[in-house]
Amino acid sequence: MSVLLEVDKLVKKFGGVTAVNNVSFPVLKGEIFSLIGPNGAGKTTMFNMISRVLPATSGTITLDGQDITRIAPHKIAALGMGRTFQNLAVFKHASVVDNMLVGRHSHMKTSVLGGLAFGPTTRAAERAHRKRVEEIIDFLEIQHVRDVPVGALAYGLQKRVELGRALATEPKLLLLDEMVSGMNAEETEDIARFILDLKEELEITVMMIEHDMGIVTDISDHIAVMNFGERIAYGTPAEIRADPHVIEAYLGHKIEEDTEAV
Amino acid sequence: MRTGVIQESYGELISLFRNPTQTYWTWALVIMSLAAPVVLTGHVTSLINGMMIAAIGVIGLNLLTGTTGLISFGQAGFLAVGGYTAAILSADYSMPLWLCVPAGGLMAAAFGLLVGIPSLRLKGLYLAITTLAFTIIITHLILSAESITHGSSGISTAKPAIFGMELATDKSFYYLVLAVLVLAILGSANIKRSRVGRAFLAIREQDIAARAMGVPVARYKLYAFVVSSFYAGIAGALMAYQIRFVNVDSFSLVISIEAVSMIIVGGLGSTAGAVIGVVFVLGLAEILNYVFSSMGGAMGSISALELKGFIYGLTIVLFLRFEPDGLMGIYREYKNRWVNWPFRY
Ligand SMILES: Nc1ncnc2c1ncn2[C@@H]1O[C@H](COP(=O)(O)OP(=O)(O)OP(=O)(O)O)[C@@H](O)[C@H]1O
Ligand SMILES: [Mg+2]
């Protein structure tokens, strides 16, 4: 399989704190890739650099052969990268449909004047993109809430809307930051099923940060483990489970975390 | 209980009117608006003209402050730019109204861009102060650029006329203002159901996520400034024609505060709310004027302006505290209750 995303010697410093230190790994086309590690390991910071929310201090990020390390953040969506946020970043006062339509932004061309006049071209565009959004709504099984303001929905549904919004950008690579945290077992299973469908039916490469080891080892093709900003392991789920560094550095924490989470 | 309306195509889903009832009400409103000047007195018509002109500006402000979340006290400044542009072009260059009014809008839009660029990194209070400063700067510019603006003596505009037809009376001017207001409402509603309006709202709600979804945030903030000040410029130009005279006092700072209070009262982000807010605030001001002048004596001499400032401040505080979604929020709540009665959800 070919490489879709390559991060090379990525570093992020916040003042004196090194949140990510010299991290490299490949993400292969069509796989499910998990980034795991204890709290504060630097996982979200990695996502933020990859999606250009934060500038990298040094290192390079390559998407599909193109160096995107310094590209303008709003161009990421058009290049085929979609993401969700650890602390839900939905547009609370907008409806489910409108949230997802924002995901279509970079596929639309309506100008300010086009919007003011709402002529035939704008109308046709709205209709076409609305159709695509309705397909995603069907896929995620949230038809019943399509016109509800997202802020009024239960947490699990809001997360699903955020996933839908990311899907609406038509990503080649989808970054999911702790999608199932705060979800019950049933909701978690739904999400795992969606992620597998994305990979198998839509051929989307999924990169996820997860604390839930169950879902990580069940559906991942490759896993990278971070601790204190460093990459301490990379491999298949079986390799990771057997890795002494991981057992030492990560699984020790894991037990504490589980009790914390309850 | 009315049952929900089922849309049958995506075309219907994106249309402005979701059901026949809305269409009927809209037509009823159109007919009433057309007939209004025939039955109303000249004074009331002139009052309504003032409200409609204010509404045009406030609908624009609502796109900037309500929808995009960029607080602006620059309204009076943009009104002044539009008003002076129209007045100068009509009085000193004898240009016709149909050119002067759009020119007022375009000039204000250019100033909007000018204010927008340094404001890109500012939020909340800092943006409020910057835009407030803009209004003050504009006043000073007008007073000092005497050769163009006639300084403190002001400018008398030509009589409003369109394509050779004089609109000398309040009643005839009414139809012009109504037409512009309808265009303003349509434009605002259209923008809000297009990707531009969704981007505005996305910026207000979560700018980082908006950017990650492909919205060039800085550029769209500038768009919001430009569109909003264009609306204000058009309103300013119409103001100049309505009063037939502009000077800096017509665009005092209190108008900026008044405009923000209108969108808060009506409901931030709602076009209908902007119109309702204008009617509520200006209606209230008119009633107060009437009450105080009829009391006469000491009370009658309290300057209407001071009192207005106080009332606007109070309405802003009360609405933010008790009804942050404004009158539109109250309306939606009651409508839902009524439609679903006797079921609650
Ligand atoms: N914007 C920021 N400014 C300063 N420090 C930051 C910033 N963002 C993250 N950090 C720090 O960088 C480190 C890594 O944080 P990060 O959010 O990437 O961890 P994480 O692996 O996602 O943890 P969690 O599992 O809790 O989400 C932490 O020490 C954090 O305090
Ligand atoms: Mg994190």
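Throughout, a chain's letter reflects where its sequence line sits, starting with A, and its residues are numbered from 1. As the structure is a prediction and not an experimental result, all values here were calculated from the model. These values consider heavy atoms only, across backbone and side chains, with no hydrogens, waters or symmetry-generated copies.
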Exercise for review: Kindly compute the distance separating OG (A/S58) from NZ (A/K13), expressed to the nearest 0.5 Å.
Suggested key: 7.0 Å
Between [X] and chain B, which part of the residue has a heavy atom less than 4.5 Å away: side chain, backbone, both or neither?
X      : value
A/A117 : backbone
A/V90  : backbone
A/S111 : backbone
A/L88  : backbone
A/V112 : both
A/K75  : neither
A/A78  : neither

Check your understanding: When the ring centroid of B/F78 is compared with that of B/Y231, is the distance short of 6.0 Å?
Key -> no
**Study point:** Pair B/Y220 and A/H105, ring centroids less than 6.0 Å apart
**Key:** yes
Review point. Between the side chains of B/T271 and B/S188, is a donor N or O closer than 3.5 angstrom to an acceptor N or O?
Key: yes
Review point. For residues A/R123 and B/N190, is any side-chain donor paired with an opposing acceptor at under 3.5 Å?
Key: no
Chain B contacts, top residue of [options] (heavy-atom pairs, under 4.5 Å):
options                      : result
A/K109, A/K92, A/H129        : A/K109
A/A89, A/A125, A/A168        : A/A89
A/I76, A/T169, A/D98, A/L101 : A/L101

Point to revise | Choice from B/R195, B/Q206, B/E205 maximising heavy atom contacts with chain A below 4.5 Å | key: B/R195
**Study point:** Distance-minimising heavy-atom pair for B/L120 and B/A218
**Key:** CD2-O, 3.5 Å
Point to revise | Residue pair B/F225 / B/G112: nearest heavy atoms and the distance that separates them | key: CB-O, 3.7 Å
Point to revise | Neighbour count above 12 (heavy atom, 6.0 Å) for A/K199 NZ | key: yes
Practice item. Could you tell me whether A/E203 atom CD has more than 12 heavy atoms of other residues or ligands within 6.0 Å of it? Key: no
Point to revise | Derivation and outcome, side chain to side chain contact (heavy atoms under 4.5 Å, CB included), residues A/R165 and A/F91 | key: CA-CA 10 Å; A/R165 188 181 65 185; A/F91 311 125; 3.4 Å; yes
**Study point:** Residues of residues 207-217 of chain B within contact distance of chain A, non-hydrogen under 4.5 Å
**Key:** B/I208, B/A209, B/A210, B/R211, B/A212, B/M213, B/G214, B/V215, B/P216
Check your understanding: Hey, are A/R146 and A/E134 close enough for a salt bridge, meaning a charged N less than 4.0 Å from a carboxylate O?
Key -> yes
